[in-house]
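Following: one structure in structure tokens, then a few remarks.
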Amino acid sequence: MRLSENFTPTLKEVPADAVIPSHQLMLRAGLIRPLAAGIYSYLPLGWRAARNVIDIIREEQDAIGGQEFQLPAINPIELWDETGRNSDFGGEMFRVTDRKGRTLALAPTHEEIICSVARGEIRSYKQLPQMWYQIQTKFRDEPRPRSGELRTRQFIMKDAYSLNATEQSLDESYNRQHASYCSIFGRVGIEYFVVGASSGLMGGSGSQEFMAESDAGEDTCVLCNACDYAANLEIAVSGQSYESRSDQPVELKEVATPGHGTIEEVAAFLQQEPDNFIKSILYIADDQPILVCVTGCDEINESKLEAQLGALFRQAEPEEVLSHTGTPVGYLGAVGLPDNIKVLADNRLQGRCGMVTGALKEDFHISGVDVARDLDRAEFHDLITVKADEPCPNCGQPLSIIRAIEIGHIFKLGTKYSSAMGATFLDESGKEQPIIMGSYGIGVGRMLATYIEQNHDENGIIWNRALTPYQVHVVPLNAKNESAVQLAGKIYDDLRTAGLTAVYDDRPLRGGFKMKDADLLGFPLQVILGDRTMAEGKVEVKIRRSGERLLVEPEAVVAKLQELLTNL
RNA sequence: CGGGGCGUAGCGCAGCCCGGUUAGCGCGCCUGCCUUGGGAGCAGGAGGCCGGAGGUUCAAAUCCUCUCGCCCCGACCA
């Protein structure tokens, strides 16, 4: 590609709207351009990189027996009513109306479509297992698109669906996908780790996320420093013990705590540790009030709470707290609470004595709470959010908490969709069974952005061999130096003859400008032809990642570049 | 959906509080000269419905109301 003839609009200045490095660099290097909130065009260079990602995914999915589909992006809303996801997705699903007034969905994912294909054709266990996948554009009307390609409303995603007859077969498909993902991320060159995860809106049992550590990430993960324990904070558990304490039971006593409603204030006022308090928060689930109790130094984990309460719950408003308990926020407690309010308590409270909690009366708390004695109606679960340095549940060593980008998610769907949609088969005994499914997704744009988050410096992107739009960037510095220009043209031709992809910066610009652009675009190897090195009869090869520069005989350049490329 | 910020030339911004010549600056763009190892210099030039609508006023980029869009924090989220 000759830069003089091709569309590669680079920017010297950082666009005001871009905050994170990958977003800034994708704009500056001319990979993408915004069209609307969370909607981007891929420009030629960006699309070449995206295609590289897609090709790798395709090869690795084919390698485990995946069969690629091309599925409709618009589909009848009735399909989504069958599984209830028309309402589950709610405002997050784009809907369009056709000329007859029928509502159609812009597919946010494709379980329903896969099921509809399967129920029409799959009849027998002999036709299973199947591994079907597609690499296509998905649409989700995200409440808040952000961070460039990391969270968009229109995005390219690979998703695969396994159709299995048995749980063992599902496990096998799942494990194959797990291995395939490791191969994909390995080839793409992203540093990643795998965590246990919740299945969220998709439903199902087993679930793992492929994560890339990054401050730009939207997920929080808990990792053990010593063993391989890794989990999304949403489901992470702590190894911290919660055995009963041997504190002597004491009598309940009301204490005045005027104006001190928060744990912090009351703890300071009473000169006790927050750990000795019971934090009580009122939730509303299905219009019913539910009190949730944890120790004063813990935070409620609402993902874990969702597992107990179902999806439709929320924290009560202050007025609701007053109307349900007769107490203002800050003085809530489970002791003496009306019987119609269910109480959920965290495991760590079990057996605790001498605790302080709200007295259900403004400006008063109760001390001497014996959980076994006074909170006997509480239901105990793991409800807390793990904190950094708590012990690992596996090995007891301290846990770390880091931010990460979710780049892939695999999970065992089970029969949620096949049952709802009647996608069944006859098993060996002639009995009709719902197909057991798995679902496996990778975001293409998110992968590109993640790669750039992990591979850039102050000058620009640093592509590796696998993803780079072009392998070599040929830069004659002085357009007036005819021998340099001529040699640059020859090297460019020779590179392409040798099967390498190359960009030739034949623009009549100053050398400094062109070198800045080359670093910004970030192809792995640069061939620089300046007056100085030309005078010595050499050309310079620069390795983008290391900045290392080699002087090479012109005749040896192509071979040298080929050799260097194998290590990039 | 709650909170905050911003819409002025292709990009980055000033001007707005306190209304009043022809709306500015840097970069980019076009022409010429010059320069050519890290986003040069000089000279000349093009480019604006000041996001949109309504209002106040003799007069609105500037004040008021409404609206649309974009970004950030939160809520939410495979």
Side-chain angles (χ1 to χ4, degrees), chain A residues 9-20 23-24 27-28 30 33-39 85 88-93 107-111 138-148 150-153 155 157-160 197-204 207-211 216-219 232 234 302-303 306 311-315 317 405-411 413 439-443 446 458-460 475-482 484-485 505 507-520 526 528-535 539-540 542 547 549:
Chain A
T10 56
L11 304 171
K12 185 166 80 172
E13 292 180 85
V14 179
D17 286 344
V19 175
I20 63 169
H23 189 197
Q24 295 174 345
L27 291 166
R28 288 190 56 212
R33 282 296 181 265
L35 181 66
I39 303 178
R85 287 212 294 180
D88 286 352
F89 267 105
E92 207 169 314
M93 189 151 71
T109 171
H110 280 78
E111 282 80 6
K138 315 261 172 175
F139 303 88
R140 287 185 198 172
D141 195 358
E142 291 286 346
R144 194 181 150 207
R146 67 183 115 181
S147 304
L150 283 186
R151 182 165 292 276
T152 57
R153 296 196 295 167
F155 55 98
M157 174 169 157
K158 185 284 301 183
D159 53 351
S198 92
S199 305
L201 192 54
M202 310 296 291
S207 171
Q208 286 170 298
E209 289 165 328
F210 287 73
M211 293 285 190
E218 298 177 329
D219 283 271
N232 195 307
E234 292 175 348
E302 294 197 345
S303 299
E306 182 182 334
L312 292 174
F313 74 95
R314 59 183 171 80
Q315 212 172 316
E317 301 294 333
I405 300 167
E406 181 190 345
I407 46 179
H409 196 164
I410 58 177
F411 40 105
L413 294 176
S439 166
Y440 318 92
I442 291 180
R446 192 176 277 191
E458 65 281 5
N459 295 312
V475 189
L477 293 182
N478 183 351
K480 291 275 172 62
N481 184 333
E482 283 179 24
V485 170
D505 193 347
R507 298 173 299 179
L509 300 170
R510 292 168 58 87
F513 190 102
K514 295 207 267 192
M515 286 192 284
K516 285 285 190 191
D517 248 7
D519 284 348
L520 174 60
Q526 298 171 10
I528 299 171
L529 301 95
D531 293 350
R532 275 196 332 237
T533 48
M534 285 295 291
V539 297
E540 181 178 317
K542 176 180 165 185
R549 294 162 193 267

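No hydrogens, no waters, no symmetry mates; every other heavy atom, side chains included, goes into these values. All chains are named by letter (A, B, ...) in the order of the sequence lines, taking the proteins before the strands, and each is independently numbered beginning at 1.
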[N] pairs with which nucleotide, Watson-Crick or G-U wobble, both distances below 3.5 Å?
N	result
B:rG69	B:rC6
B:rC63	B:rG55
B:rC16	none
B:rA23	none
B:rG32	B:rC42
B:rC49	none

Ignoring hydrogens, what is the shortest heavy-atom contact between [X] and [Y]? Give both atom names and the distance.
X	Y	value
A:Val475	A:Lys514	CG1-CB, 3.7 Å
A:Gly38	A:Pro145	CA-CB, 3.7 Å
A:Asp531	A:Asn478	OD2-ND2, 3.1 Å
A:Asp141	A:Gly91	CB-O, 3.5 Å
A:Arg446	A:Arg151	NH2-NH2, 3.7 Å
A:Gln526	A:Asp519	NE2-OD1, 2.8 Å

Rounding to an integer number of angstrom, what distance separates [N] and [M] when you compare their [atom1] atoms?
N	M	atom1	answer
B:rG4	B:rA23	C1'	29 Å
B:rG45	B:rA40	P	23 Å
B:rG3	B:rC76	C1'	15 Å
B:rC73	B:rU36	P	47 Å
B:rU31	B:rG47	C1'	15 Å
B:rC18	B:rU62	P	14 Å
B:rU22	B:rC64	C1'	28 Å
B:rC13	B:rA75	C1'	33 Å

Rounded to the Å, how far apart are [X] [atom1] and [N] [atom2]?
X	N	atom1	atom2	result
A:Glu142	B:rG74	CD	C1'	15 Å
A:Glu218	B:rA75	CD	P	11 Å
A:Met211	B:rA78	CE	C1'	11 Å
A:Arg85	B:rC77	CZ	C1'	14 Å
A:Gln24	B:rG12	CD	P	12 Å
A:Leu413	B:rA78	CG	P	13 Å
A:Asp219	B:rC76	CG	P	13 Å
A:Leu150	B:rC72	CG	C1'	15 Å

Quiz prompt | side chain to side chain donor-acceptor pair (under 3.5 Å) against A:Asp505, all qualifying residues, sequence neighbours excluded | solution =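 For A:Asp505, the residues satisfying side chain to side chain donor-acceptor pair (under 3.5 Å) (neighbours in sequence not counted) are A:Arg507.
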Self-check item: Pairing residues for A:His23 by the ring pair (Phe, Tyr, Trp, His ring centres under 6.0 Å) criterion, not counting sequence neighbours
Solution: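 If we apply the ring pair (Phe, Tyr, Trp, His ring centres under 6.0 Å) test to A:His23, skipping adjacent residues, the hits are A:Tyr40.
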Exercise. Measure the shortest side-chain to side-chain distance between A:Ile442 and A:Phe210 over non-hydrogen atoms and say whether it is less than 4.5 angstrom.
Key: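 No, their side chains stay 4.5 Å or more apart.
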Quiz item: Counting any heavy atom closer than 4.0 Å, what does A:Phe155 reach on the DNA or RNA strands: base, sugar-phosphate only, or nothing?
Solution: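 Contact class for A:Phe155: base.
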Practice problem: With heavy atoms under 4.0 Å as the rule, sort A:Gln315 into base, sugar-phosphate or nothing. | Solution: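 Contact class for A:Gln315: none.
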Practice problem: Look at the side chain of A:Glu13 against the base of B:rG28 and say whether a donor-acceptor pair falls under 3.5 Å; ignore hydrogens and angles. | Solution: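 Not at all, since no donor on one side and acceptor on the other fall under 3.5 Å apart.
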Quiz item: Has the side chain of A:Arg144 got a donor or acceptor that lies under 3.5 Å from a partner of the other kind on the base of B:rA75?
Solution: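 Absent.
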Quiz prompt | Counterpart residues, salt bridge (charged side-chain N to carboxylate O under 4.0 Å, His left out), relative to A:Asp159 (two or more places apart) | solution =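 Residues passing salt bridge (charged side-chain N to carboxylate O under 4.0 Å, His left out) with A:Asp159: A:Lys138.
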Exercise. Check salt bridge (charged side-chain N to carboxylate O under 4.0 Å, His left out) between A:Glu13 and all other residues, then give those that pass, not counting sequence neighbours.
Key: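 None.
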Listing time: all N or O pairs from protein to nucleotides 67-71 of chain B that are below 3.5 Å?
residue	atom	partner	partner atom	Å
B:rC70	OP1	A:Ala37	N	2.7
B:rC70	O2'	A:Asp17	OD2	3.0

Self-check item: Footprint string (nucleotides 32-42 of chain B, 5' to 3'): B base within contact, S backbone only, - free, heavy atoms under 4.0 Å
Solution: ---BBBBBB--
